[in-house]
**Q** 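One structure, as structure tokens, below. Some questions next.
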Amino acid sequence: MYTDHRQHFLAQLQGIGACALIPTNPTRTRSADTEFRFRPSSDFWYLTGFAEPDSWLLLLPAPKGSDEPHRSILFLREKDKTMEIWNGLRLGVTDAPSKLGVDEAYDVEDLWSRLPEHLEGHKRLVFATGLCNDNDAALLKTLSGLRDRVRSGVQAPMEILDPGPLLHELRLFKTPGEIEVMRKAAAITDEAHREVMATTRPGTNECELDALLEYTFRRKGGTGAAYGNIVAGGANACILHYVENNATLQDGDICLVDAGCEFDFYASDVTRSFPISGQFTEAQKSVYTVVLNAQLAAIDQCQPGNTFLSVHEVALGVLVRGLIELGLCKGTPDEVLEDESYREWYMHRTGHWMGLDVHDCGSYHTGDKSRSLEPGMVLTVEPGIYIAADAQNAPSALRGIGIRIEDDILITADGHENLSAAIPKTIEDVEAACALVTQG
Ligand SMILES: [Mn+2]
């Protein structure tokens, strides 16, 4: 799969006379001399499937019209007995070509000394600037060194191109191999959400569910959580990016869980909102039903040819009618859409691209118009209603209710596939999942 990704990207690079230099992520300090668990950069992983730090990929397409093959060169950490005893095994330079399918591999220590000879002869270079000052400075020094030699006949890259229009457009369209990986992520997310619903009781702490999610993601083979889990009981659900996850869950409240497994560094992103007691109250049901209907209508809108924006508009139309019926907005649907009074209860967009990154790359517009959906794209659909505990203008029975429902939708040739469809979502299915006794 990663070799295919490289070949597609190399063909594009050849078309515009560019080579590409793609670093993985730097390691990040957590505190003093301890680091966060390493995660490769999404661009680098997409093109290599290689997860060691201190690695760089250099892609050199053959000149247009030539019969020469393209070249992929990996710079990585050389094997080192002492370092491997302390910090873990390394693939090493010798085994990298056969293991990863690259044409050549070199010690990363030699990157900057070897780079000039490889960049020579290419008009342009694809490189993401602004992510790491040290990398930017080293690259600019290399380029200016090469440009100094232009008078002696050397062709040096004169333009640095952002990976956005090329690589990130490729990443937007998921290949069958990527979709298989994303299905695995969604399947583990299904298990994790069911575990959480079955485990929750009044008195459970949000942190227990946070830990249960992480435990399920990891023990089922995932690389972890695709983003920080949100476990929000009661009015905490009205904080969109709630991160504390440490309150005690109260009888009679709803718990909102926004959590997705990451598998082979591919994301899932799912939200469910369920009753802590196991049974929704009538007031909760009335809000839940509006959100669910908005979500189902928006998912129906996920068809090739419909725009990304239209998915949001369909959800918003259903939400606004519901908000009026619930007594949260006043006026006709058109008036509420016009005066945007719905924003007090629904203040975010209905979705985003998803892939290696939970908020994945790829443009949302074609010119100044919202982009049409095409097969292979994956987006989330996640409407919600959030009624703060102190919302004086809300019926008192509805205060402190926050509900979001989110699924991961793959656009197919004839419609869509909901990758997270198995996760309980109707009122009946959610209550049944909450009533189950955990098996542990
Ligand atoms: Mn999302």
Side-chain angles (χ1 to χ4, degrees), residues 39 42 168 171-172 174 178-179 181-183 185-190 192-193 196 209-210 213-214 217 222-232 236-243 245 254-263 265-274 288 291-292 294-299 301-302 308-316 318-319 345-364 370-371 373 377-386 402-411 416-425:
R39 195 230 187 238
S42 294
H168 293 171
R171 278 178 49 194
L172 178 57
K174 276 66 183 175
E178 291 183 286
I179 292 164
V181 177
M182 292 174 80
R183 278 187 221 286
I188 298 171
T189 298
D190 175 24
H193 277 264
V196 160
L209 304 182
D210 190 0
L213 289 161
E214 178 73 13
F217 294 157
T223 31
Y227 52 96
N229 298 325
I230 297 172
V231 181
N236 291 339
C238 300
I239 302 165
L240 298 179
H241 294 152
Y242 178 71
V243 293
N245 295 354
I254 281 180
C255 181
L256 180 153
V257 172
D258 184 344
C261 175
E262 183 188 69
F263 195 95
F265 305 113
Y266 281 82
S268 57
D269 181 3
V270 172
T271 308
R272 290 293 185 264
S273 307
F274 58 91
Y288 192 93
V291 177
L292 180 59
Q295 205 237 10
L296 294 173
I299 291 175
Q301 182 68 12
C302 293
F308 179 84
L309 180 63
S310 73
V311 177
H312 173 65
E313 289 171 336
V314 165
L316 192 55
V318 178
L319 286 177
W345 320 110
Y346 182 52
M347 58 297 280
H348 60 79
R349 289 272 161 168
T350 304
H352 49 81
W353 304 136
M354 193 190 76
L356 275 168
D357 285 294
V358 62
H359 299 152
D360 210 29
C361 53
S363 169
Y364 288 91
S370 180
R371 183 169 196 158
L373 299 176
M377 293 172 164
V378 176
L379 69 157
T380 65
V381 176
E382 48 176 314
I385 293 178
Y386 312 93
I403 290 169
R404 178 166 63 254
I405 307 174
E406 175 176 30
D407 282 306
D408 303 335
I409 309 298
L410 165 69
I411 305 298
H416 63 256
E417 177 189 336
N418 183 348
L419 299 175
S420 46
I423 307 175
K425 186 162 78 171

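Ligands are counted one by one from 1 in listed order, and the atoms in each one are counted from 1 as well. Everything numeric in this text was worked out from a predicted model, so none of it was measured. This chain uses plain numbering: 1 for the first residue, then up along the sequence.
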**Q** With respect to the Mn ion (ligand 1), what is the nearest N, O or S atom of Glu382?
**A** OE2
**Q** To the closest 0.5 Å, what do you measure between NE2 (His241) and CG (Asp258)?
**A** 8.0 Å
**Q** Quick check: of its N, O or S atoms, which one does Glu406 have closest to the Mn ion (ligand 1)?
**A** OE2
**Q** Answer yes or no for His352: is there an N/O/S atom below the 2.8 Å cut-off from the Mn ion (ligand 1)?
**A** yes
**Q** Any N/O/S atom, backbone or side chain, of Asp258 lying under 2.8 Å from the Mn ion (ligand 1)?
**A** no
**Q** Looking only at N, O or S atoms, find the one in Asp269 nearest to the Mn ion (ligand 1) and name it.
**A** OD2
**Q** For the residue pair Leu240 and Ile230, establish whether any side-chain heavy-atom pair is separated by less than 4.5 Å.
**A** no
**Q** Parallel, tilted or perpendicular: which fits the ring planes of His359 and His352, with parallel below 30° and perpendicular above 60°?
**A** perpendicular
**Q** Is any side-chain heavy atom of Tyr266 less than 4.5 Å from a side-chain heavy atom of Val378?
**A** no
**Q** So among His168, Arg371, Arg171, which one has a side-chain contact (heavy atoms from CB on, under 4.5 Å) with Trp353?
**A** Arg371
